[in-house]
Amino acid sequence: MTDEADDDGARRRIVVDGITIGAVTGAYGVSFGAVAVAAGLTPVQACVLSLAMFTGGSQFAMVGTIAGGASPFAGAATAVLLGVRNAFYGLQLSRVLEAGGTRRLLAAHLVIDESAAMGSIPGRSRAERRLGFWVTGAAVFVGWNLMTLVGAIGADALEDPG
């Protein structure tokens, strides 16, 4: 087998792994959508929150804090504190991604546990780690947000989603 065939096989495995992680992680978006609606958000608000604050732990913390009776500001503060870890991931990944301008902003939005892990696997080339980051980040983003919509609409259709 040639080096080029080995490279194609490695890239294929990275793409399959990233999409698989996206599908599995994305499935949890159903629960976020349902929890957000049960906490008092509309389906549109749940989806906008999910699109804008793309970090599941922070999203759950925010709606959980609000559902517990705290102010939206307390919920946002809790979410920010929990999401700070992504900034540290981003510092490490910046050397791998070498993204500038708009790509840098998009990359920052996709820095989550799963994409950071796929972008940091030792023994992989920089190009392979970059591919792992982008495929995984995109797959989780699409899956999470689609399933958030499904969960929010499903919970909204219930008489008492709580």
Atom pair CZ (R126) and CG (L131), whose distance is rounded to the nearest 0.5 Å: 15.0 Å
Joint cluster assignment, I121 & I19, ILVMFWY side-chain distance < 4.5 Å: yes
Would you list the atom pairs, donor with acceptor, under 3.5 Å between side chains in residues 21-36 and any protein atom, with sequence neighbours excluded?
unit_1	atom_1	unit_2	atom_2	d
T25	OG1	I21	O	2.9
S31	OG	Y28	O	2.6

Atom of Q59, atom of M53 and distance for their closest heavy-atom approach: OE1-O, 2.8 Å
Distance (rounded to the nearest 0.5 Å) between T55 OG1 and D113 CG: 6.5 Å
Distance, nearest 0.5 Å, that separates SG of C47 from CG of L146: 9.0 Å
Side chain proximity check, T42 to V37, heavy atoms < 4.5 angstrom: no
L51 with L149, same ILVMFWY side-chain cluster at under 4.5 Å: no
Closest approach of A10 to E128 (non-hydrogen atoms, all atoms of both residues): CB-OE2, 3.4 Å
Minimum heavy-atom distance T148-A46, with the two atoms named: CG2-O, 3.9 Å
F54 and H109 aromatic ring geometry - parallel, tilted or perpendicular at 30°/60° bounds: tilted
M118 vs R130 side-chain heavy atoms within contact, under 4.5 Å: no
Distance, nearest 0.5 Å, that separates CG of L49 from OG of S58: 9.5 Å
Heavy-atom pair with the smallest gap, counting every atom of L110 and F141: CD2-CB, 3.9 Å
Review item, side-chain donor-acceptor pairs of residues 62-69, under 3.5 Å, at least two apart:
unit_1	atom_1	unit_2	atom_2	d
T65	OG1	A61	O	2.7

Hydrophobic cluster identity match, V15 and V140, side-chain contacts under 4.5 Å: yes
Steps toward side chain to side chain contact (heavy atoms under 4.5 Å, CB included) verdict (I14, R124): CA-CA 10 Å; I14 291 167; R124 286 190 174 163; 3.6 Å; yes
Cationic tip of R129 above W134 ring, under 6.0 Å, 45° of axis: no
Side-chain heavy atoms of V96 within contact of F133, under 4.5 Å: no
Distance, nearest 0.5 Å, that separates OG of S120 from CZ of R95: 9.5 Å
